[in-house]
Structure formats: structure tokens, C-alpha cells
Protein chains: 2
Amino acid sequence: MRSSAEDLTTRARIRDAAIRLFGRDGFARATVRDVASAAGVSPGLVIHHFGSKAGLRDACDHHVLAQTATQGREKADPVSTRQLIQDYMNHPDQYADEITYIRRTLSDESEAGDAFFDAVVKQTQDIIHAGMEAGTIRKFNDVRSTAVVIASNSLCILMLGRHLSRTLGAAGPESHGIGPELLRQLTLPALEIYTHGFYTDARFLDAAREAINSNTSTGREHAP
Amino acid sequence: MRSSAEDLTTRARIRDAAIRLFGRDGFARATVRDVASAAGVSPGLVIHHFGSKAGLRDACDHHVLAQTATQGREKADPVSTRQLIQDYMNHPDQYADEITYIRRTLSDESEAGDAFFDAVVKQTQDIIHAGMEAGTIRKFNDVRSTAVVIASNSLCILMLGRHLSRTLGAAGPESHGIGPELLRQLTLPALEIYTHGFYTDARFLDAAREAINSNTSTGREHAP
DNA sequence: TTCCGGATTGAACATGTGTTTAGTCTATGA
DNA sequence: TCATAGACTAAACACATGTTCAATCCGGAA
């Protein structure tokens, strides 16, 4: 859905180059000169358009946030975030920059990262509520905490993508990140746990319940 | 178990200050002058002891890696990584710097991060194998992938700690990270999913199995 | 005591980097 | 046609930062 680089305004080209470089190298390491050179433009023009490097970052934040907000509202995959990743699977090259940018945004402290995380949690929560009514998802007492756990588990594919593809040997060595092959390898194990659980019985859960109920202060509650 | 700052050699004081600052601000943003000042020392001395800023980073990597490797070998918590986090719960102030440093290490590309992740996965894999034989953990066909999923789910507490405590309102606003309160809030929801599963039946799992088996090439496999 | 090597410092150096500035070019509207 | 506004550049500026260097301090060995 995105036009080729030639069709974009200079401002948009600079912003897209910044999204790529900020995501790849981080905000601190990526220099204004790098961005300018990647956009085929002089450093001064970057400042001319965005006021400062921080202003450029804000523009990137808003753009990526808007970009990801438009999608995702319609689809409702129970394993959440996967609707975004699913989308990415079908257009890997097109969204790769946004994906890595979001990862950086979630790592570094930033309002954009906060907003994105909250959006994912809220969406997950809605999905759980709907699934509980439809009977496809088990009933949970604390839906909010459950949503947070599920959302985190989904997002960790994003955060740890590099390590996942590295250990699983998915995707070539050049693609340091999330690829269709990686998602295919992780889907079944994750769904199996989400379907049948990980433990054979409830003894760990019960033990944790007791430990937490009895010992509310800091202490040595060994979960297992 | 660690001596107070006064008892450490200057070299160790510099390294600990670097671990704190690299973890808090990132390698690029934290300057040699910052580290020197935090250690109460001149910038030149930092270079004198470590050769360069990169050398200082290497020293930090090795130290943190060694520090975390010594622990964890004995304890064997099924929800893994939690043995490290558990340990942290009992000495929050003492390990806080190492924790945040590891988070940065897992985000930025680094051999230390790779090694740490691989160690966690391997340990998780061992735990799963043991649990499968003992009958406490369900039998999984692909133990390796399952271990990767479980390890990632555990590590995301580390990666997303800031967001987790933010949305769950655990710990005061000054502690931007993982605290005992956060772990207490997440343990039960996570264990519940690990015990009883997330879905009520296997229809999502079966659908995904079919989709992946039939459509091996890139395509639009909507997991549901 | 004397001497030596390492710890340590303050200042300087070289470079990278965000930003400014003066000026050019180009299209558009009167 | 002319004038004006904005896109755009090249150069310069100011400052931060990694690193070097000469000099000093200090403890221990001879």
C-alpha cells in the first residue's frame, strides 16, 4: 500500500529513512547526517523540516503509531499482536522498518512505546472478554492481568526476534529479525501450551496460590 | 554478597558504575565522562584501565555474564529465568543493575546477550526434559521449540518490565522496572495459563495444524 | 634512602555531531 | 515579468566525546 520512494515528498523520504535508521541503529547511534545521506539530502534540510533531531523522532513516533493504529482494529486474532505480525508476514519488506522501529520504541523509554503497549493490552483484553462470552476462551478471574501476560508473550516475539530466529535457525543470517519461517515454527508450540497447558496438573498453581496468600510480604516464595 | 563500594578496587568501581550507566542509559548515550564521574575518577583513568570504551563494555559483559552464570545452575524453577528473578526478589537493590544491564544486552546486538539467551533456553530445555520424565510437565514433540517459547515468555518480564509495572501499577513510579510486587501480580495468571491453558478446546490448535500442514509456502495462513 | 612502576589527574587533541547561517534555486502567484 | 516563499545546499559553528599525553603521587623493593 505504500508508494515507492520516488513518489514520496522529501519530508516523507527523510522520515522513512529515519524510521529505518532509528530502528536499526537506535536513536542515539543514528546521526542526522546518516539520515540525510540515506534520504539523499543535506543535513541542514533535515533540521529545516523537523526543527531538531528530537522533532524528527517525534514525527517518526507519530507516523509509526498512526500506521499501526489503522490496522489491527478490524482483525481480532486471539493470540493478539499476531494480527500485526500476520499482516507483516504477507508484506515482509514493506513493514520491516516499522516492526524494528516499534521494537526500539518499546525498549527505550518513550510515550509512543507506552501508547503502543497499552493499545496492544487493551485489544487483547477485548479479545479475551469476547472469547470468554463466546466460550472459546477459558474464564479468568483477573482478565486484566491475564491480558497483560498474553500481550507480553506475544510481544516478546518482537522483542527477542533476533534471538529466536538465531537459535531456531529460521531465516537467513542476513535477516536479523522476524520472518515468516520463524512465526511458522513458533505458532504450534505456543498454541499447544495455550490449549493443553504446560504442566500436567495443578500442583504448581496450587502451591503458588498458597504461598502468595499466606506470605504477602517479601520473602522466599519458591513458585514451584 | 557484594562488598560496599568503598571496599572495591578502583577498577571494579569503574566497572560497576559502567554497568549501572550502560544499563540505564544504553551504551551509546552513557559517556566515558559519566562513568568516570559516577566512579569518582578521571576520564583518563577509565581508558587507562580498560583501553577504550569498547573494552569497558567487554569487561562489563564478562562480569555480568559470570555473575549470572554462577547462580541459576543449582535452582531449577520450571518457569525458568524466574530463578534469577526470584533471587533478585530477595536482594532487589543488589541485582537491579545487573538486571537492567542484561535487558540492554538482550536488546542491542551483542555476543553476551546471545550467550545469555542461549543459556536460558538450554536451562529451560533441561527443566522440560526432567519434568517430562518426572511426569509434572506434559509431553511435547518439539521440546526445543517449546523451550524457546517458554524461555521467551519468561524473559519478556525482563524486556517489558517497565511497561508491565506501568500498566499494572506495581511498584512506585521511581522504580521503573521489575519489582517483587510485579512478580507477585504476574505469577498466578501465568501459572493458570500454564496449568489449564488459555483456550477452552483445541479448535485453534487444530486449525493451525491444518493450515501449516497444507500450506507450507508463504501465504495467508490466518491462524484464526 | 633511592628508585621504579603503576595509579591517577588535568589539560589538550581530534573528531563527530546537532545546529545555524547565508545564500542559491525553483516554482507559483500577482 | 517580477517578486516572494519555501525547498535545498555548502560551509561554518559550537559543543560533546573518546582518547592521548605529560606530569604527579604513592607504595614497595633494593
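Numbers restart at 1 for each chain; the letters A, B, ... are given by sequence-line order, proteins then strands.
Here B/T10 reaches the OP1 or OP2 of C/dT8: one of its side-chain N or O atoms lies under 4.0 Å away. In this model, the phosphate group of C/dT8 is not approached by any side-chain N or O of B/H48 to a distance below 4.0 Å at OP1 or OP2.
Note on ring orientation: taking the six-membered ring where Trp is involved, the planes of B/F22 and B/F27 are perpendicular (angle over 60°, cut-offs 30° and 60°).
Remark: P of C/dT20 and CG of A/L45 are 14 Å apart, rounded to the nearest angstrom. B/F50 places its CZ atom 11 Å from the P atom of C/dA7, with the value rounded to the nearest Å. In this structure, the CZ atom of B/R11 is 12 Å from the P atom of C/dT8, given to the nearest Å. Regarding B/H49, its NE2 atom lies at a distance of 18 Å from the P atom of C/dG5, rounded to whole Å. Atom CG in A/L21 sits roughly 13 Å away from atom P in C/dT17 (whole-Å rounding). Rounded to whole angstrom, the span from the NZ atom of A/K53 across to the P atom of C/dT17 amounts to 9 Å.
In this structure, A/D34 does not pair ionically with A/R29, as no charged nitrogen and carboxylate oxygen lie closer than 4.0 Å. Ion pairing between A/R20 and A/D16 fails under the 4.0 Å rule for side-chain N and carboxylate O. With respect to B/D118 and B/K122, no salt bridge is recorded, no charged nitrogen being found less than 4.0 Å from a carboxylate O.
At the heavy-atom level, B/S42 lies under 4.0 Å from base atoms of the strands shown.
Comparing A/R29 and A/G44, the nucleotide of DNA chain C nearest to each residue sits closer to the 5' end for A/R29.
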**OP:** Kindly indicate, with the supporting measurements, whether the criterion side chain to side chain donor-acceptor pair (under 3.5 Å) is fulfilled by A/R103 and A/T100.
**Re:** CA-CA 5 Å; A/R103 170 159 55 94; A/T100 66; 5.4 Å; no
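Each of C/dA12, C/dG18, C/dA7 was ranked by its minimum atom distance to the side chain of B/R33; first place goes to C/dA12.
Under a 3.5 Å cut-off, the side chain of B/R162 and the backbone N or O of A/E109 do not form any donor-acceptor pair.
Side-chain contact annotation: B/R104 with B/S107, donor-acceptor N/O pair under 3.5 Å absent.
Taking 4.0 Å as the cutoff to heavy atoms of chain B, we find the contact window on DNA chain D bounded by D/dT17 to D/dT20.
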